Amino acid sequence: MERKRGHRTLSAGELARLLAGLHGQGYGRYREIRGSYAYPAFTLEVEKVQVDPYAPPTRLAVHLPAAQAGLPAELYRTPVRRRAIADHLARRLADALARTAFAMDAGGQEVLDRSACQVTAGGDVVLRLGVDLPGPGRRIDGRQAERLLCRALPEAVATLRWSALDAEEARRFVATVEDADALRRMLPELGLVAFVADGAVLPRRSGVDPRPLTGPHVVRFSSPPSLRVEVELPNAGRVTGMGLPEGVTLIVGGGFHGKSTLLRALEYGVYDHVPGDGRELVVTRYETVKIRAEDGRQVTRTDVSPFVAGLPTGEDTADFSTPNASGSTSQAANIVEALEAGARVLLVDEDTAATNLMIRDARMQELVAKEREPLTPFVDLVQPLYAEHGVSTVLVMGGSGDYFDVADKVVIMDAFQPRDVTADARAIAERHRTGRVSEAKRFPAIRHRVPDPDSLDPVVRGKSKIKARGTDALQYGDAHIDLGAVEQLVDPSQVTGVGLALARLRDRFLDGRRTLAEALDRLEAELASSGIDALRAGYAGDLAAPRRFEVAAALNRLRGLRIAGFRE
């Protein structure tokens, strides 16, 4: 008989004997090991058992008490430090279990709040991992299972005890994360939207390898003197770097000189990074969202009227829906939806933007009268967006000098090194007046939508169906949500977190009266107070805490989403 939760905890020796007795039995009898087992240093809980060798892995939880972990209290005295030391321990356990049947969700270059490892305020360590239980020919290999669960696992967990860790490495990891978090929190009071430390390494090894580029030709970042800012960090002390101010910043330069590389570093600056990443002190405000065009995306009752109005069809663009948006309309929706979710900084790269939404030059204005052009270009809205809503924008632009007229700062990237050319750009704009006429004087108030919670049901045939498909897609109930253009998602576990957050919004915070922004506020507050466990609720797999902006992006791409109404 399978032992249910709540029954007494058995010993590790009893687990070994149970596995020996199951040797050669049908694979399904592995279910009998579900339950709790006391090891000398920790407690193992077998939370979920795979039903056959090809099913998702068996899920385990290891509870290592503070007395056994022995972590110094200084390393878990704050939530940021707990997240950092937990991430470090997850990576160490993944190393210890490499080339085994165990799977530990240790992550990549970013330090996220993960279910895989958590450190409590009292110093206890909770580890969650998967294991493929051996079963050749769909028969239990009890001897190999015993070696995995009763020998390999305890040996690996032992490497996480403070006496076995490299203390200097662990402290450096925590200090690095704490400094990045502290720097990000300083940005608003400094009047900055981003900071790039002197000496940072921005280029990556390739488009599929996010580790820092190495070798003799790597150019380390050096701030222009006019933009250099000095900050005092808790651990690193005085650090200098380029501070990008609030307002409109233009990044220009020739092809292959580092414009998009800088923007991509800023894009991921919403996350803390591991020591040695090269971007440890490249940070942007938490409320930063990358914007791009996205042909074919779903748009549901979004007010795109700041950018699109006067359609020949007479369609109401203040309440606009389409199952297949164009590049310009999708980018307009992406901007408005980001603002609705609370974005304070927008990042735009012309390479992935809709040209006709970015600019309409003087010649085109003369040929096509404004009353015949439904689109209002971003160049005319970017300053009103900052002046009226306090939303800053950083743009990469290599093909249009019309943005010189609206930029507060212009930075040129030359062989991966920045220079402040604001004065030059203004002088050029003065000498070569384009003659174009601004097509907008203000950016209207954001209309807030009220989602219908019943349209966010993830249940299919009585079971909740939430599954990440890499970082590009989410299976949510019957719906396949395309997240390929949501570029700040960095980890499949984060995508799982997005799906669970949507379900949490539906169950707890969306009631047919609250706006999406209000519901996101409540979800964010719950995550801040209860941590990632607020999303776990019966979910045994790996997940990482998502930002509110990626949760909103997934909701907005959900085909079948219904909006009950609007609030100003």
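Keep in mind the model is a prediction, meaning the values are calculated, not measured. Side chains included, hydrogens not; waters and symmetry mates left out as well; all remaining heavy atoms used. Residue numbers start at 1 and run along the sequence shown.
Around CZ of Arg171, the count of heavy atoms belonging to other residues, nucleotides or ligands within 6.0 Å exceeds 12. When the shell of 6.0 Å around CZ of Arg469 is examined, it contains more than 12 heavy atoms from other residues, nucleotides or ligands. Residue Arg185 qualifies as open at atom CZ: its count of foreign heavy atoms under 6.0 Å is 12 or below.
With hydrogens and angles left out, the side-chain atoms of Glu337 and Thr302 include a donor and acceptor closer than 3.5 Å. Counting only N and O atoms by type, the side chains of Gln298 and Arg557 include no donor and acceptor under 3.5 Å apart. For Gln25 and Arg139, the side-chain atoms include no donor-acceptor pair closer than 3.5 Å. If you check the side chains of Asn334 and Arg297, you find a donor sitting under 3.5 Å from an acceptor.
Tyr268 does not carry Arg279 over the face of its six-membered ring by the limits of under 6.0 Å from the centre and within 45° of the normal.
Minimum interatomic distance between Ala236 and Asp179 (heavy atoms only, all atoms of both residues): N-OD2, 2.9 Å. A pairwise comparison of heavy atoms in Ser493 and Asp542 identifies OG-CB, 3.7 Å as the closest pair.
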Side-chain donor-acceptor pairs of residues 60-69 under 3.5 Å, sequence neighbours excluded:
unit_1, atom_1, unit_2, atom_2, d
Gln68, OE1, Arg161, NH2, 2.8

Q. Taking it one step at a time, do Asp277 and Arg204 satisfy salt bridge (charged side-chain N to carboxylate O under 4.0 Å, His left out)?
A. CA-CA 9 Å; Asp277 175 76; Arg204 301 293 95 182; 3.0 Å; yes
Q.
Assess the residue pair Phe42 and Tyr39 against the criterion (ring pair (Phe, Tyr, Trp, His ring centres under 6.0 Å)); give the C-alpha distance rounded to whole Å, side-chain angles, the decisive distance to 0.1 Å, and a yes or no.
A. CA-CA 5 Å; Phe42 62 87; Tyr39 286 63; 4.5 Å; yes
**Q.** Stepwise side chain to side chain donor-acceptor pair (under 3.5 Å) check, Arg128 with Gln118
**A.** CA-CA 9 Å; Arg128 297 184 179 91; Gln118 295 173 284; 2.6 Å; yes
Q: Mind running salt bridge (charged side-chain N to carboxylate O under 4.0 Å, His left out) on Glu74 and Arg77 for me, showing each step along the way?
A: CA-CA 5 Å; Glu74 67 187 76; Arg77 69 168 180 254; 5.8 Å; no
Q: Could you give me the CA-CA distance, side-chain angles and deciding distance for Asp87 and Arg91, then say whether salt bridge (charged side-chain N to carboxylate O under 4.0 Å, His left out) is met?
A: CA-CA 6 Å; Asp87 190 278; Arg91 294 171 192 272; 2.4 Å; yes
(Q) Set out, in order, the CA-CA distance, both residues' side-chain angles and the distance that settles salt bridge (charged side-chain N to carboxylate O under 4.0 Å, His left out) for Glu267 and Lys290, then state yes or no. (A) CA-CA 6 Å; Glu267 179 181 329; Lys290 173 71 183 301; 3.6 Å; yes
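Side-chain atoms of Gln50 come within 3.5 Å of backbone N or O of Thr58 as a donor-acceptor pair.
For Tyr476, there are no ring-ring contact (aromatic ring centres under 6.0 Å, His included) partners at least two apart in sequence or on another chain. By the side chain to side chain donor-acceptor pair (under 3.5 Å) test, Arg508 is found to be paired with Glu526, residues two or more places apart in sequence or in another chain being considered. Listed by chain and residue number, nothing satisfies the salt bridge (Lys or Arg N to Asp or Glu O under 4.0 Å) test with Arg147 (two or more places apart in sequence, or in another chain). Legend: residues meeting ring-ring contact (aromatic ring centres under 6.0 Å, His included) with His273, ordered by chain and number and at least two apart, are absent.
We find that Arg292 and Asp349 are not joined by a salt bridge, their nearest charged nitrogen and carboxylate oxygen being 4.0 Å or further apart. Between Arg83 and Asp272 a salt bridge is recorded (basic side-chain N to carboxylate O distance below 4.0 Å). Using a 4.0 Å cut-off between charged nitrogen and carboxylate oxygen, Asp166 and Arg92 do not count as a salt-bridge pair.
Val125 places a side-chain heavy atom less than 4.5 Å from the side chain of Cys117. When side chains are defined from C-beta on, Thr471 does not count as touching Gln494, because their heavy atoms never get closer than 4.5 Å. Here the side chains of Leu19 and Glu32 are not in contact, with every heavy-atom distance at 4.5 Å or above. Between Tyr76 and Arg82, the closest side-chain pair of non-hydrogen atoms falls below 4.5 Å.
The ring pair (Phe, Tyr, Trp, His ring centres under 6.0 Å) analysis of residues 78-137, with sequence neighbours excluded, yields the pairs His88-Phe173.
In this structure, the separation between CZ on Arg514 and CG on Asp521 is 10.5 Å, given to the nearest 0.5 Å. Here the CG-CG distance, from Leu263 to Leu347, works out to 5.0 Å after rounding to the nearest 0.5 Å. Between the CG atom of Leu555 and the CG atom of Leu516 there is a distance of 5.5 Å, given to the nearest 0.5 Å.
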